[in-house]
Amino acid sequence: MAKELAKTYDPKGLEDRIYQKWLDNHYFHATVNPDKKPFTIVIPPPNVTGQLHMGHALDETMQDILIRFKRMQGYETLWQPGTDHAAIATEVKVTEKLREQGIDKDEIGREEFLKHAWAWKEEYGGKITNQLKKLGASADWERERFTMDEGCSKAVQEVFIRLYEKGYIYKGSRIINWCPVCQTSISDAEVEHVDQDGFFWHINYPIVGEEGKFVEIATTRPETLLGDTAVAVNPEDERYQHLIGKMLELPLTGRQIPVIADSYVDKEFGTGCVKITPAHDPNDFEVGKRHSLPEINIMNDDATINELGGKYAGMDRYEARRAMVEDLKELGLLVKVVPHAHNVGTHDRCKTTVEPMIKPQWFVKMDEMAKPAIEALKDGSLQFVPERFGKIYLHWLENIRDWCISRQLWWGHRIPAYYCDECGETVVAREMPKICPKCGCTHFTQDEDTLDTWFSSALWPFSTLGWPDQTPELDYFFPTDVLVTGYDIIFFWVIRMVFSSLEQTGKVPFHHVLIHGLVRDAQGRKMSKSLGNGIDPLKIIDEFGADALRLTLMTGNAPGNDMNFSNERVTASRNFANKVWNASRFIMMNLERARVPEEMDLAALTGADKWILSKVNTLAAEVTENLDKYELGIAVQKVYDFIWDEFCDWYIEMVKPRLYNEEDTTKSAALWTLKTVLTNALKLLHPYMPFITEEIFCTLHPEEESIMISAWPVYQEAWNFAREEREVEAIKEAVRAIRNVRTDMNVAPSKKAQVFVVSENPEVRSMFEEGKVFFATLGSASSVHVQADKAGIGDDAISAVIPDAVLYLPFAELVDIEKEIERLKKEEERLTKELARVNGMLGNERFISKAPKAKVDEEKAKLEKYTQMMEQVKARLAQLA
RNA sequence: GGAAGCAUAGCGCAGCUGGGAGCGCGCUCGCCUGACUAGCGGGAGGUCAUGGGUUCGAGUCCCAUUGCUUCCACCA
């Protein structure tokens, strides 16, 4: 062997070295290859200036597993990587950085600011991709994209123009969600409703011309009173019929406003009288439209009261609220203040309470585009895993509202709309128009706004492949196969990709959407900056290795469920890596000492060899099946159990005597089996733990280039050995029985003992005759005698009943008859229960007639087995009594 | 106000299409057995939230209840 494995498993150094090798060999690079079937995943682009967190680690690990699996299966796999410009997040960061340097964003202006932003992007943009590489991500970095690069920007512009020309994009003055801190509009999806303890302020509005008479309204936002243009009651409300049409004096303003009737008002809620502020409440906005009420905007962009607010002008909205409540109290118009819990819309990025405002904004009309997206789910061309997330998707689409896409930011795709300086005509075009089609003027000004970040992310699955050009890549890799993401992003991203793709390409962007949950801390709390409970994946990688981190993220986790992360779990994963490492070392040590045949005649294998070969064969089928179903957790659990339990704890131990005995004629069979089974197990494990498997594989197979381009194990009938599987299981059963007896009797492991196997069945005897070699190493037996009767076994031997046979261990000086009887009674009790259960089932006519025949036969076989064992136990008890 | 998810061993979880309750950690007893103490062998520990139903058979399917979590929603 050319190379040797280090004595202990240490991921440090090893992982970076291997990753570099993969890069050098361009294994991640996908090309259009008509001879192969494509398999494509686009990465959910992380924020370009972001930092890798556990959520990414989980998301990317899942994608990498699927990609590596498919690559080994022979697909041309493209994992399309890239980053997102993350408009608000980046703009905020750059603004802050400039402020630290004493630079004011507004002073330097748009162009200068963008220079700084791009410089920032160049400096920090590579950070997160480098962190992904630490994880082992086998993405095609040669195709890395950025949502604001030339191609993606071209796609954005194209889509905007197409939708505009189709009438799906329009500009309108409507009430939108305004973030006073970020100073931009935001979409409905970006508004997070949080519970807050607030108050209901009951305020009297005097009725004009009726001295001493009032209308009592209740509001949670008294400061908006300044923008009231009516008070509404329900038209059915008998209490207030007489008020409809009357004028009220709006306190603190001197204005007069009418009482109107609108069915929007709930008679039961509050006082039944609602102040209407069309400019600062979405419902009131609608009411205002219905009744042609004036819209009075009383706030500046930073949510301070504007000049229309009289003495309150300049105050912050909350400051104004306090001042106004005081003033109302003084005027005797404040009736009462009642505590009231309600939901307040906040900006998901900065947690500022959003202020509804009327502003001219660009919108995407959603009703028509939602239809095919709904249809795609219903006809199955788009499927969620787990399925339940499809309901969330449908619900959102069926209740979708127009999407506000303009943002008052600089960092992003600028809206390709131009306004004529003379007549104000709007021209949407790929570049600045030369001449106004309306007035002939030649001077235009481009719209100042940029697009919502999600507008470009929505095009990601095809913009990255060259769309709108019909590139060979687009033709070959699109539609993509599966999208892997968290449930928190379904509305923002998944839905928008689906309708955008259907609209622009006529195809779904992906066939499956694999949804995973959140990674929480050990106590199940959300990881957050404020709690300080976030676990840095890079620190985990540094301490335990990327393989251990990846395994931890994949074990014991069902699709769509949240998972709790703890260092204890990573330790367990690392221990497994060490187990794999050392088992491999052991095998290679032995391979060095002898020649292993390239080809093996399966007939030359022993029962144990066939057993483990059969097991790894089944394992390949099961792992493949579960990966195909996206059951990544179940698949890896099976690999884990196989390697640790079956392969290491049983097979390797069984095979040791053959390795140590120079005369053994089956030695090369053992070595071949060890090598073959290890190789297959490594391959099945590779998608999960790419580094350690690569290191071992290449050491084991110096002639091979890399495990990641080796062939995925396929189930083969030639490796199916059902009989040997049964036999070895029986032998394991016997070994366990021996170990049990020894522990029960407190026999030191160093003390070897004789073992007698008694069975009347000659077939069983010959099986144990062949398997008895294992009793020595695994059961600390000094000698094993397989015989048909109890000849030569004293009454003072301890016994254990197993199916088809009884084991006797003579421990003359140690035997405690009482204890032995106790053991047998316990066994009798267990068998009695089992027999009762089986008899109950078989005694039930309806079970016999209705249950599948295979099940009935299975139970009959059990009955026979337990009956036989019971006879043995009883005979033994009678003998001791 | 709607909707979804979860409830299984002390802790963290798996159990996919119904057919004898599992994994990891922890605990406990015994072992330095020539790959591994990041290990090996044995063990204790569960009325599968509660109550009904379907079925020959339910942790698994259906209904209701309780508790926790989450998402959606314009009751001022």
Side-chain angles (χ1 to χ4, degrees), chain A residues 5 7-9 193 200 217-221 224 232 264-266 268-277 281-287 340 342-343 345 356 386 388-389 391-392 395-396 399 487-488 490-491 517-518 522-524 552 555-566 568-569 571-590 625-626 629 631 633-634 637 640-641 648-649 652-653 656 660 736 739-740 742-744 746-750 777-780 834 837-838 840-841 844-852 854-856 858-859 862:
Chain A
L5 284 183
K7 293 253 188 314
T8 49
Y9 165 64
H193 294 273
F200 238 160
I217 59 94
T219 180
T220 54
R221 302 197 53 201
T224 61
Y264 151 70
V265 179
D266 181 349
E268 313 298 325
F269 193 78
T271 62
C273 303
V274 186
K275 62 191 273 308
I276 300 297
T277 321
D281 182 285
N283 298 306
D284 295 4
F285 179 78
E286 297 299 327
V287 174
H340 178 69
H342 59 142
N343 259 332
R388 66 183 132 94
F389 290 101
K391 285 185 201 166
I392 296 178
H395 182 261
W396 172 270
N399 296 283
Y487 54 67
D488 49 334
I490 294 176
F491 307 128
L518 263 39
Q523 283 86 47
T552 306
T555 47
N557 184 232
N561 286 7
D562 289 354
M563 68 172 332
N564 295 0
F565 190 96
S566 65
E568 288 69 45
R569 295 190 52 226
T571 306
S573 301
R574 192 273 321 265
N575 292 353
F576 176 67
N578 191 55
K579 188 73 186 175
V580 173
W581 187 263
N582 279 298
S584 305
R585 259 184 65 216
F586 172 77
I587 291 167
M588 285 187 265
M589 269 168 43
N590 284 285
E625 190 190 324
N626 279 292
K629 286 193 295 187
E631 285 285 359
I634 292 177
Q637 187 66 50
Y640 182 102
D641 290 343
C648 292
D649 289 349
I652 292 183
E653 294 305 324
K656 276 179 179 174
Y660 298 149
R736 273 193 285 258
R739 286 169 174 171
N740 262 308
R742 296 181 58 98
T743 305
D744 276 6
N746 265 322
V747 184
S750 54
T777 41
L778 305 181
S780 303
E834 294 293 356
R837 196 189 61 80
V838 176
M841 281 176 94
N844 185 336
E845 280 167 40
R846 294 202 284 180
F847 172 73
I848 304 289
S849 59
K850 294 197 172 184
K855 183 66 193 167
V856 177
E858 194 184 319
E859 294 302 323
K862 281 181 195 168

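Only heavy atoms go into these numbers, but all of them, side chains included; no hydrogens, no water, no symmetry mates. Letters go in sequence order (proteins before strands), and every chain restarts at 1.
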How many angstroms lie between atom CG of Leu518(A) and atom CG of Asn564(A), to the nearest 0.5 angstrom? 10.5 Å
Given rG12(B), rA76(B), rC16(B), the nucleotide with the shortest approach to the side chain of Thr219(A): rA76(B)
Touch class at under 4.0 angstrom, heavy-atom based, for Ala218(A) against every strand present: base
Measure from CZ on Phe565(A) to C1' on rG24(B) and round the result to the nearest Å. 14 Å
Interatomic distance, Trp396(A) CH2 vs rU70(B) C1' [rounded to whole Å]: 16 Å
Rounded distance (nearest 0.5 Å) linking atom OG1 of Thr552(A) with atom CD of Glu568(A): 11.0 Å
Residues, nucleotides or ligands: over 12 heavy atoms within 6.0 Å of Glu268(A) CD: no
Side-chain N or O of Asn740(A) versus OP1/OP2 of rG43(B): is the shortest distance under 4.0 Å? yes
Begin from the C-alpha positions of Lys862(A) and Met841(A) and carry the test side chain to side chain contact (heavy atoms under 4.5 Å, CB included) through to its verdict. CA-CA 11 Å; Lys862(A) 281 181 195 168; Met841(A) 281 176 94; over 6 Å; no
For Lys579(A), give me all partners under side chain to side chain contact (heavy atoms under 4.5 Å, CB included), at least two apart in sequence or on another chain. Trp644(A), Cys648(A), Asp649(A)
When the distance from CE of Met563(A) to P of rC13(B) is rounded to whole Å, what number comes out? 9 Å
Check nucleotides 31-35 of chain B for protein N or O atoms closer than 3.5 Å to its own N or O atoms and list the pairs.
unit_1: rA35(B); atom_1: OP1; unit_2: Lys656(A); atom_2: NZ; d: 3.4
unit_1: rA35(B); atom_1: OP1; unit_2: Tyr660(A); atom_2: OH; d: 3.3
unit_1: rA35(B); atom_1: OP2; unit_2: Tyr660(A); atom_2: OH; d: 3.3
unit_1: rA35(B); atom_1: O2'; unit_2: Asn582(A); atom_2: OD1; d: 2.9
unit_1: rA35(B); atom_1: O2'; unit_2: Arg585(A); atom_2: NH1; d: 3.2
unit_1: rA35(B); atom_1: N7; unit_2: Lys656(A); atom_2: NZ; d: 3.4
unit_1: rA35(B); atom_1: N6; unit_2: Glu653(A); atom_2: OE2; d: 3.1
unit_1: rA35(B); atom_1: N3; unit_2: Asn582(A); atom_2: O; d: 3.2
unit_1: rA35(B); atom_1: N3; unit_2: Ala583(A); atom_2: N; d: 3.1

Short side-chain donor-acceptor distance under 3.5 Å, Asn561(A) and Asn557(A): no
I'd like the C1' distance from rC36(B) over to rC31(B), given in whole Å. 15 Å
Which whole number of Å gives the distance between the P atom of rC25(B) and that of rC32(B)? 22 Å
When all nucleic acid strands are considered with a 4.0 Å heavy-atom cut-off, which category describes Gly779(A): base, sugar-phosphate, or nothing? nothing
CZ of Arg569(A) versus C1' of rG26(B): gap in Å, rounded? 15 Å
Full working for side chain to side chain contact (heavy atoms under 4.5 Å, CB included) between Arg388(A) and Tyr487(A): CA-CA 11 Å; Arg388(A) 66 183 132 94; Tyr487(A) 54 67; over 6 Å; no
Please give the distance between the C1' atoms of rA9(B) and rA49(B) as a whole number of Å. 15 Å
Residue closer to the 5' end of RNA chain B, Thr555(A) versus Arg736(A) (nearest nucleotide): Thr555(A)
Which value, in whole Å, describes the distance between the P atoms of nucleotides rC72(B) and rG15(B)? 26 Å
Measuring from the side chain of Ile634(A) (C-beta onward, heavy atoms only), which nucleotide among rA38(B), rG15(B), rC74(B) has the closest atom? rG15(B)
The reported gap from NZ in Lys275(A) to CD1 in Ile217(A) (rounded to nearest 0.5 angstrom) is 6.0 Å
Over all strands shown, is Gln637(A) touching base, sugar-phosphate only, or nothing at heavy-atom distances under 4.0 angstrom? sugar-phosphate
On RNA chain B, more 5' by nearest nucleotide between Asp641(A) and Arg846(A) is Asp641(A)
Stepwise side chain to side chain contact (heavy atoms under 4.5 Å, CB included) test for Ile587(A) and Ile652(A): CA-CA 9 Å; Ile587(A) 291 167; Ile652(A) 292 183; 4.3 Å; yes
Report the C-alpha distance between Asp744(A) and Asn740(A) in whole Å, list the side-chain angles of each, state the deciding distance to 0.1 Å, and finish with yes or no for side chain to side chain donor-acceptor pair (under 3.5 Å). CA-CA 6 Å; Asp744(A) 276 6; Asn740(A) 262 308; over 6 Å; no
Between rU8(B) and rG46(B), how far is it from one C1' atom to the other, in whole Å? 7 Å
Ignoring the backbone of His395(A), work out which of rC72(B), rC74(B), rA73(B) is nearest its side chain. rC72(B)
So which nucleotide from rC72(B), rG24(B), rC16(B) ends up closest to the side chain of Phe491(A)? rC72(B)
Write down the distance between CD (Gln523(A)) and C1' (rU69(B)), rounded to a whole number of angstrom. 16 Å
Nucleotide nearest Asn283(A) when distance is taken to its side chain, options rC74(B), rA38(B), rG24(B): rC74(B)
Under 4.0 Å, counting only non-hydrogen atoms across every strand here, what does Val265(A) touch: a base, just sugar-phosphate, or nothing? base
Please measure how far the P atom in rU55(B) lies from the corresponding atom in rA44(B), and state the result in whole Å. 38 Å
If we take the P atom in both rG2(B) and rG26(B), what is their distance in whole Å? 46 Å
Gap between atoms NE2 and P, on His340(A) and rC75(B) respectively (whole Å): 10 Å
For RNA chain B, the dot-bracket pattern of Watson-Crick and G-U pairs whose distances stay under 3.5 Å, | for other-strand partners: (((((((..((((.....[..)))).(((((.......))))).....(((((..]....))))))))))))....
Could you walk me through whether Phe200(A) and Thr219(A) satisfy the side chain to side chain contact (heavy atoms under 4.5 Å, CB included) test, starting with their C-alpha distance in whole Å, then the side-chain angles of each, then the deciding distance to 0.1 Å, before giving a yes or no? CA-CA 5 Å; Phe200(A) 238 160; Thr219(A) 180; 5.6 Å; no
Send over the distance from Ile392(A) CD1 to rG5(B) P, rounded to a whole Å. 9 Å
Does rC74(B) have OP1 or OP2 sitting under 4.0 Å from an N or O in the side chain of His342(A)? no
Presence of Asn561(A) side-chain N/O under 4.0 Å of rA14(B) phosphate oxygens OP1/OP2: yes
Integer-rounded Å distance: rC16(B) P and Lys629(A) NZ: 9 Å
Output yes when at least one side-chain N/O atom of Arg388(A) is less than 4.0 Å from OP1 or OP2 of rA4(B), else no. no
Separation between CZ of Arg585(A) and OH of Tyr9(A), rounded to the nearest 0.5 Å: 14.5 Å
Over all strands shown, is Asn564(A) touching base, sugar-phosphate only, or nothing at heavy-atom distances under 4.0 angstrom? sugar-phosphate
Within the modelled atom types, does a donor on one side and an acceptor on the other bring the side chain of Arg574(A) and the base of rA38(B) under 3.5 Å apart? yes
What integer number of Å spans the P atoms of rU33(B) and rG39(B)? 16 Å
